[in-house]
Amino acid sequence: MLRRLALTAVVSLAALSTTAPAATATGPVPSALPTAGPLSAVQPALGPLPVPLPPLPSFLDGGSGVGQQKPAERTRLTVTVERSGVAGADGTFELTCGPTGGTHPERQAACDRLSEVGATRAGQELFRATPEGTMCTMIYGGDASARIVGTWEGRAVDTTVTRGDGCEIARWNNLVPVLPDLR
């Protein structure tokens, strides 16, 4: 949705910059210019927009940017899970995306989730710890803990997730399948 909105804005600006000179070249444009007073001598500048259009950002050009990596190619995480209570879920796993690889038991699903969340506003807070002073429900979700270290879409990640209260449980569940599903 954001991509479509940004692309629409860029295309609209491009269309406006190419049609503005043609619309003003046919004659005077009626306007509400002052005819008396200190501003009567001011004439508007007519002509093409003075701002050149920059090339499309890589996230808008459909991923065809030459020599540019896709965000998924810059994802490399080490996930360490302890005391989950799920057979095979505890341990240290490597996860790389673009191409999908590593020792993570749900590599493709985890990369898909990271890609999905990274394209939304929620992706900005995906690995951020719960801010101090946040009111969280006092629901205990178990002894499980996980540490995630590495890079995600080119950003450094170093976070620990537990299930000690409602906020931490929500963080954990938001990271499934990167973390095991303990629901």
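Heavy atoms only: backbone and side chains are in, while hydrogens, waters and symmetry mates are out.
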Stepwise side chain to side chain contact (heavy atoms under 4.5 Å, CB included) test for T137 and D165 | CA-CA 6 Å; T137 59; D165 62 32; 5.8 Å; no
In sequence, state the C-alpha distance, the side-chain angles, and the governing distance for D90 and E82, and then conclude on side chain to side chain contact (heavy atoms under 4.5 Å, CB included).
-> CA-CA 5 Å; D90 290 355; E82 298 175 340; 5.5 Å; no
Would you name the heavy atoms of F93 and G88 that are closest together and state the gap between them?
-> CZ-O, 3.8 Å
Between the main-chain N or O of A110 and the side-chain N or O of H104, is there a donor-acceptor pair closer than 3.5 Å?
-> no
So CZ of R113 and CG of L175: to nearest 0.5 Å the spacing works out to 8.0 Å
Pairing residues for R83 by the salt bridge (Lys or Arg N to Asp or Glu O under 4.0 Å) criterion, not counting sequence neighbours = none
Positive for side chain to side chain contact (heavy atoms under 4.5 Å, CB included) with L182, one of V86, V81, V176 = V86
Hey, could you give me each pair passing disulfide bond (SG atoms under 2.5 Å apart) that has a residue in residues 125-183? Not counting sequence neighbours.
-> C136-C167
Where do V178 and V79 land on the side chain to side chain contact (heavy atoms under 4.5 Å, CB included) test, with the steps shown first?
-> CA-CA 8 Å; V178 176; V79 181; 4.1 Å; yes
How long is the gap from OG1 on T100 to CZ on R107, to the nearest 0.5 Å?
-> 8.5 Å
Contacts of D181 that satisfy salt bridge (Lys or Arg N to Asp or Glu O under 4.0 Å) - sequence neighbours left out = R183
What pairs with R171 under side chain to side chain contact (heavy atoms under 4.5 Å, CB included), at least two apart in sequence or on another chain?
-> A129, T130, T159, V161, E168
Does any non-hydrogen side-chain atom of L114 lie less than 4.5 Å from one of L126?
-> yes
All heavy atoms of S84 vs all of P180, minimum pair found to be CB-CG, 4.5 Å
Working to the nearest 0.5 Å, report the span between CG of N174 and CZ of F127.
-> 9.5 Å
Locate the shortest heavy-atom distance separating A144 from W172; write the atom from each residue and the value.
-> CB-CH2, 3.8 Å
Heavy atoms only: give me the nearest L77-T151 pair and the separation to one decimal.
-> CD2-O, 3.5 Å
Can you list the residues that meet the side chain to side chain contact (heavy atoms under 4.5 Å, CB included) rule with E94, with sequence neighbours excluded?
-> T78, T103
So OG1 of T80 and CD1 of I148: to nearest 0.5 Å the spacing works out to 9.0 Å
Any residue meeting side chain to side chain contact (heavy atoms under 4.5 Å, CB included) with I169, in chain and number order, not counting sequence neighbours = I139, R163, N173
